[in-house]
Amino acid sequence: MQPIIIVLIILVVLVFIALIKTIQVIPQASAAIVERFGRYTRTLNAGLNIVVPFIDSIRNRIDLREQVVPFPPQPVITQDNLVVNIDTVIYYQVTDARAATYEVASYIQAIEQLTVTTLRNIIGGMDLERTLTSREEINAALRGVLDEATGKWGIRVNRVELKAIEPPTSIQDSMEKQMRADRDKRAAILTAEGIRQSQILTAEGEKQSAILRAEGEAKAAALKAEGEAQAVRTVFEAIHAGDPDQKLLSYQYLQMLPKIAEGDANKLWIVPSEIGDALKGLSGAFGNLGGGVPGFDTSGNGGNGGNGGNGDNGGNGGAPGVVNPRGAAVERREEPPVH
């Protein structure tokens, strides 16, 4: 009985192993290559699949999702003989699991070497400045070459990116100095433009201020002149409305004479010609009272006008050389008092 039990147990184990090998579950976005006696039979897609146990075998499981592979920096020589290190990143996807398995031994290594050679060909025709500023052009050229070459491998290159382009240290120092000089130049230009604009605005402000000040002064002068003219008209109208006679005018002239003669340094002054007529009027008025105007001569002979005066000093009561009825300049002389 024991040998039969052992045989049954062995059969159950073999059946269980056969079932396990018969049923193959493939995850989503994956594929499996099936070989029968070492020869490609079919490709298993996602889901439940049945294979012949111990005859069919799974050769390779391939991920069909888009893959990202970074490659280490590669030294590349530019057209102007400068060595730059370039890091690249490849975005690819397996579209044919059979071709990716049998057409190339290692498609990752093949893509890397193809990327390096293509990159050297592209960069070799560019100088450093164009290399640094033409990333999109380099990416497009790389993608075109890689996509064409990897198509027969069942690979589709979706995108190629240059992570970094590192020129030599000496070139980096020179570029940094050049950039600093350019920034200093732009800063100096902006400063000069700011100063120029400030001076222009200041000049414009001063110009506007001068114009407004001149306009204000002109208006003030016009208003002042208008006010003075109005005052003169008012006085003139008041005088004519009052109808003053000759005696009042003569009296006003006499009131002004002391103001004309004020100051010890006044040796010469101008007497208006109209004052002669005023003095004649006053002489007539004082003649009626029995005396002339002391100290004045309407004929121009100063000092003899005191003939009508009373007292011991009546003949000297005038101020010699005071009056000139024609408005001529006369000189005032100081005489000692007569005792």
Side-chain angles (χ1 to χ4, degrees), residues 27-33 43 46 60-190:
Q28 183 66 33
S30 297
I33 301 300
T43 300
N60 191 15
R61 295 177 182 269
I62 297 177
D63 193 345
L64 300 179
R65 294 173 297 177
E66 186 175 11
Q67 305 293 320
V68 181
V69 180
F71 295 144
Q74 299 294 330
V76 180
I77 301 176
T78 62
Q79 188 177 12
D80 46 359
N81 297 324
L82 293 175
V83 179
V84 294
N85 293 322
I86 300 179
D87 296 349
T88 55
V89 178
I90 303 297
Y91 296 81
Y92 72 93
Q93 185 176 9
V94 177
T95 57
D96 188 351
R98 186 192 66 79
T101 303
Y102 297 106
E103 296 296 333
V104 62
S106 175
Y107 55 84
I108 297 295
Q109 185 177 2
I111 292 174
E112 179 181 0
Q113 296 302 319
L114 183 61
T115 301
V116 172
T117 55
T118 305
L119 190 61
R120 287 176 178 173
N121 291 333
I122 296 173
I123 300 300
M126 298 181 177
D127 55 10
L128 179 61
E129 183 176 0
R130 185 182 174 189
T131 300
L132 295 174
T133 58
S134 303
R135 292 197 176 195
E136 293 296 332
E137 181 181 353
I138 297 172
N139 293 340
L142 272 175
R143 181 181 177 279
V145 174
L146 291 176
D147 195 21
E148 181 180 358
T150 57
K152 62 180 180 180
W153 301 338
I155 307 294
R156 182 176 69 244
V157 177
N158 297 326
R159 193 171 181 180
V160 181
E161 291 290 341
L162 301 182
K163 289 177 59 178
I165 300 176
E166 299 180 358
T169 305
S170 59
I171 301 299
Q172 291 182 9
D173 295 338
S174 300
M175 293 172 62
E176 184 177 357
K177 291 179 181 179
Q178 182 180 1
M179 293 175 62
R180 189 182 300 112
D182 290 339
R183 286 194 294 267
D184 293 340
K185 177 182 176 182
R186 288 196 296 268
I189 292 174
L190 292 176

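For P27 against A46, the heavy-atom pair with the smallest separation is O-CB, 3.3 Å.
Between E112 and P72 there is a side-chain heavy-atom pair separated by less than 4.5 Å. Contact check for F71 versus T115: side-chain heavy atoms found under the 4.5 Å cut-off. Taking 4.5 Å as the limit, some side-chain heavy atom of I138 sits within range of a side-chain heavy atom of L119. A heavy-atom distance below 4.5 Å is found between the side chains of D182 and Q178. By the 4.5 Å heavy-atom criterion applied to side chains, N139 and E161 are counted as neighbours. For the pair I155 and V94, the minimum side-chain heavy-atom distance is below 4.5 Å.
Surrounding CD of Q93 are more than 12 heavy atoms belonging to other residues, nucleotides or ligands, all under 6.0 Å away. Under a cut-off of 6.0 angstrom, the local environment of CZ in R159 is sparse, with at most 12 non-hydrogen atoms contributed by other residues, nucleotides or ligands. Remark: I77 CD1 is loosely packed, at most 12 non-hydrogen atoms of other residues, nucleotides or ligands lying under 6.0 Å away.
Proximity of a side-chain donor or acceptor of Q113 to a complementary backbone N or O of I111 within less than 3.5 Å is not detected.
Just one of V83, L132, D127, T131 meets the side chain to side chain contact (heavy atoms under 4.5 Å, CB included) condition when paired with T78; it is T131.
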* Residue pair I86, Q74: steps toward the side chain to side chain contact (heavy atoms under 4.5 Å, CB included) verdict -> CA-CA 5 Å; I86 300 179; Q74 299 294 330; 5.6 Å; no
